[in-house]
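Below is one structure; the comments refer to it alone.
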Number of protein chains: 2
Amino acid sequence: MVDPEDKEILRQLAKLGALSDYIYTSSGEIGRRIGVSQQTASRRILDLVDRGFLTRRMTPRKQFIRLAAPGVEVLRKDLVELKALFATAEHMTIRGRVVAGLGEGQYYISRPGYMKAFNEILGFEPFPGTLNVEVEPLDREKVAELKEREGRLIKEFVSEGRTFGAVKCFRADLGGVECAAIFPLRSHHTNVLEMISPVQLRKKLDLADGADVSVRILLD
Amino acid sequence: MVDPEDKEILRQLAKLGALSDYIYTSSGEIGRRIGVSQQTASRRILDLVDRGFLTRRMTPRKQFIRLAAPGVEVLRKDLVELKALFATAEHMTIRGRVVAGLGEGQYYISRPGYMKAFNEILGFEPFPGTLNVEVEPLDREKVAELKEREGRLIKEFVSEGRTFGAVKCFRADLGGVECAAIFPLRSHHTNVLEMISPVQLRKKLDLADGADVSVRILLD
DNA sequence: ATTACTAGCGTACGAGTAA
DNA sequence: TTTACTCGTACGCTAGTAA
């Protein structure tokens, strides 16, 4: 097993160039970089050499040291894992219950300007109506956080002689149905999610007012 | 300071999904994942919460836990650092001394087939002659390693009624002059580097036989 | 200068357990 | 079930030092 302290040494050596060639350094230097004594650094290096993660050549002063193939692999594995983590750090679950909307949503989203934008940005033409989900109090901070994120933006536009405000969208999944949460930039609500979908969510999922739902938001 | 053990906890939590949302887990579970006891995991989590790297909500059983912004930054910094390491893990220095060649190189590299290939692969038309560098014994294993690497390949081709063998090239830098090391795939020498360059290296750098040189090979 | 051994100490671990 | 406290122990640290 490679413990985190071992990885730290491998990383510091890699930063000095020991990934692809021998570097000329000393146990004291390495100790300083990782915040331990010369003695501890020496012991740990020795251990890594014994286990095949480092190769080195000694000289009367200092030493030539580089990562052996298994040492490089340790770091590469970390890189791959972190890449994957950030690549798939993509969803957030928000719970709430279905509530009756004001009927406003229907008017707005069916404006041709929005319809066209939804199609471009989300890849579907929404059913003309929103499903409103009252967010469970504990999850409201998540909604606030969502609003801080990029999301997919529909810019404000002018049509029919008036201005339609910018809207931020997040793709989502509700009970296995493709949908999206939409946030008019002007609003500051954090207790209601407005969901749109190519189908009528309420009917498709047979949702009555008060039904508990769990929305999986994709962060992209 | 975030020590490597702290990072390990953040990573394990991130793998469970705590990068972008709360996860429902227990100190025992986390302890198991990082190979420490429930007590130690509990103490370390508490410490990370105190220092602002984690946020959590307790329940009578288990807890909801996620990385706070500073915790995410710790991992992101690691990712960026590792990416940079592997992106620039690109050179290897090989030392040796100039030796007289057999004059063979000149014949081969000036064949039109090779000339054209060098131009495509290295971006320059080489001076018709090679500079031979006898590799210092300690660096010979590096040469062997180079031959294991991809490099830039010139495939074998037929011309003038005979076959010209495949050659592997590595871009290099010798005394600030752009050049390349070439390895006929058939040869198994590891004690001599054959260098080519758009200019006559020997003349440009005023190198007599026996001159000590240091070749910086780019690994790409 | 270095590396790396030995000794002694301090810290962080896990067992036991309360809430 | 959990979390997280106290406490005794042991592991890994640093200091001192030889080569």
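All values below come from the heavy atoms of this structure, side chains included, with hydrogens, waters and symmetry mates left out. Because the structure is predicted, anything quoted here is derived from the model rather than measured. Per chain, numbering begins at 1; letters A, B, ... match sequence-line order.
Closest approach of Cys179(B) and Ile196(B) over heavy atoms only: CB-O, 3.0 Å.
Looking only at distances, a side-chain donor or acceptor of Lys142(B) sits under 3.5 Å from a matching main-chain atom of Thr93(B). When atom types are taken as modelled, the side chain of Ser197(B) and the backbone of Glu178(B) share a donor-acceptor pair closer than 3.5 angstrom.
The cationic group of Arg57(B) lies under 6.0 Å from the six-membered ring centre of Tyr22(B) and within 45° of the ring axis, placing it in a cation-pi geometry.
OP1 or OP2 of dC13(D) lies within a sub-4.0 Å distance of a side-chain N or O belonging to Arg43(A). Of the side-chain N and O atoms in Thr40(A), one or more sit less than 4.0 angstrom from OP1 or OP2 of dT14(D). Side-chain N/O atoms of Arg44(A) include one lying less than 4.0 angstrom from OP1 or OP2 on dC13(D). Remark: Ser27(A) is in phosphate contact with dT3(C), judged by side-chain N or O atoms under 4.0 Å from OP1 or OP2. The shortest distance between the side-chain N/O atoms of Gln63(B) and the OP1/OP2 oxygens of dT3(D) is below 4.0 Å. The side chain of Arg56(B) places no N or O atom within less than 4.0 Å of a non-bridging phosphate oxygen (OP1 or OP2) of dT2(D).
One interatomic measurement links the two molecules: CG of Leu46(B) to P of dC5(D), which rounds to 6 Å at whole-angstrom precision. Atoms CZ (Arg32(A)) and P (dT14(D)) sit 13 Å apart, rounded to a whole Å.
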